[in-house]
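These notes concern the structure reproduced below.
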Amino acid sequence: MPGYWLLKTEPSNYSYHDLTKDKKTIWDGVSNNLALKYLRNMKKGDLAFIYHTGKERILVGVAEVVSDPYPDPKQKDPKLVVVDVKAKQALPRGIALKDIKSDATFSDFLLVRLPRLSVMPVTPSQWKRLLNLAG
DNA sequence: GCCAACGTTGGC
DNA sequence: GCCAACGTTGGC
């Protein structure tokens, strides 16, 4: 069974659209310790929601993790890991942050609990419910 | 544009 | 090793 994750990105820097265009990218730039810990727990074949921060605040698509975590080749510090991700599917209907926040089911969701975390796990039941909401 | 929450830095 | 000051993130 694959693990489920959520990856945040600022769309003016790198959007889900960019990922669909690139097909595949290196998910780098993560420096927060907790976020790095989660990154290190990823494995090839896991799935991740892509969330747009900033003006959009919408869950936009699903990506597949296509590598195990490895040290960022552009960094000297081996703790700074990255993974390769590939666009899988844009969500038919994006899910706005406010809809997630107003849903009591998601009161434990880390996206709500820790607003500044950029990489986080998603439980299977959260994953399923979000997919349902997305159509 | 503001500010709360959190992380990081640096003086002690 | 503590903690005040500062910087950054991201929602509002």
Side-chain angles (χ1 to χ4, degrees):
Chain A
M1 183 163 97
Y4 298 122
W5 309 93
L6 184 147
L7 297 170
K8 279 191 193 171
T9 183
E10 166 58 51
S12 61
N13 290 339
Y14 196 85
S15 68
Y16 189 76
H17 178 71
D18 293 328
L19 182 61
T20 1
K21 227 171 34 189
D22 294 349
K23 302 271 199 298
K24 186 178 141 174
T25 195
I26 299 177
W27 205 266
D28 60 7
V30 177
S31 58
N32 175 276
N33 270 324
L34 184 57
L36 284 169
K37 192 186 104 181
Y38 290 136
L39 255 191
R40 281 195 295 270
N41 286 334
M42 289 188 186
K43 55 188 187 308
K44 195 175 171 179
D46 285 355
L47 296 172
F49 280 123
I50 303 296
Y51 171 80
H52 281 175
T53 61
K55 285 183 191 168
E56 297 192 19
R57 275 162 275 145
I58 292 172
L59 269 185
V60 285
V62 177
E64 183 181 347
V65 179
V66 290
S67 78
D68 285 333
Y70 59 96
D72 188 341
K74 286 185 255 170
Q75 304 287 337
K76 298 237 170 78
D77 187 345
K79 277 191 204 155
L80 298 174
V81 296
V82 298
V83 291
D84 295 344
V85 301
K86 179 176 90 176
K88 195 168 167 69
Q89 202 194 341
L91 296 179
R93 270 186 291 128
I95 308 170
L97 178 63
K98 65 173 166 54
D99 294 334
I100 293 174
K101 283 197 152 177
S102 63
D103 188 331
T105 318
F106 292 118
S107 56
D108 284 337
F109 196 19
L110 288 177
L111 188 65
V112 178
R113 300 266 312 276
L114 298 174
R116 293 180 54 195
L117 188 62
S118 58
V119 178
M120 67 192 75
V122 177
T123 67
S125 64
Q126 286 165 349
W127 181 271
K128 215 171 139 189
R129 176 148 177 87
L130 287 167
L131 279 186
N132 285 340
L133 288 176

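Order of the sequence lines fixes the chain letters, A, B, ..., with proteins taken first and strands second; residue numbering starts at 1 for each chain.
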Problem set entry | Test item: A:Ser67 side-chain N/O and A:Asp84 main-chain N/O as donor-acceptor pair under 3.5 Å | yes
For this session: Report the distance from atom NZ of A:Lys8 to atom CG of A:Leu59, rounding to the nearest 0.5 Å.
Result: 10.5 Å
For this session: Provide, to the nearest angstrom, the distance between the CD atom belonging to A:Glu10 and the P atom belonging to C:dG10.
Result: 8 Å
Exercise. Taking only residues at least two apart or on different chains, which pairs with a member in residues 26-38 of chain A satisfy side-chain hydrogen bond (donor to acceptor under 3.5 Å, both in side chains)?
Worked result: A:Asp28-A:Lys74
Heteroatom pairs (N/O) under 3.5 angstrom, protein to nucleotides 3-9 of chain C:
unit_1, atom_1, unit_2, atom_2, d
C:dT8, O2, A:Arg116, NH2, 2.9
C:dT9, O2, A:Arg116, NE, 3.3

Problem set entry | Length of the line joining A:Leu97:CG and C:dC12:C1', which is rounded to integer Å | 11 Å
For this session: Answer yes or no: does atom NZ of A:Lys44 have more than 12 heavy-atom neighbours from other residues, nucleotides or ligands under 6.0 Å?
Result: no
For this session: Apply side-chain contact (heavy atoms from CB on, under 4.5 Å) to A:Lys21 and list each qualifying residue two or more places apart in sequence or on a separate chain.
Result: A:His17, A:Asp18
Problem set entry | Residue pairs passing the ring pair (Phe, Tyr, Trp, His ring centres under 6.0 Å) test where at least one lies in residues 52-86 of chain A, sequence neighbours excluded | none
Problem set entry | Summary of side-chain hydrogen bond (donor to acceptor under 3.5 Å, both in side chains) pairs that have at least one residue in residues 86-98 of chain A, sequence neighbours excluded | none
Exercise. Which of residues 100-112 of chain A sit near DNA chain C, with a heavy atom under 4.0 Å from it?
Worked result: A:Lys101
For this session: Examine distances only and state if a side-chain atom of A:Asp46 and a backbone atom of A:Lys43 form a donor-acceptor pair shorter than 3.5 Å.
Result: yes
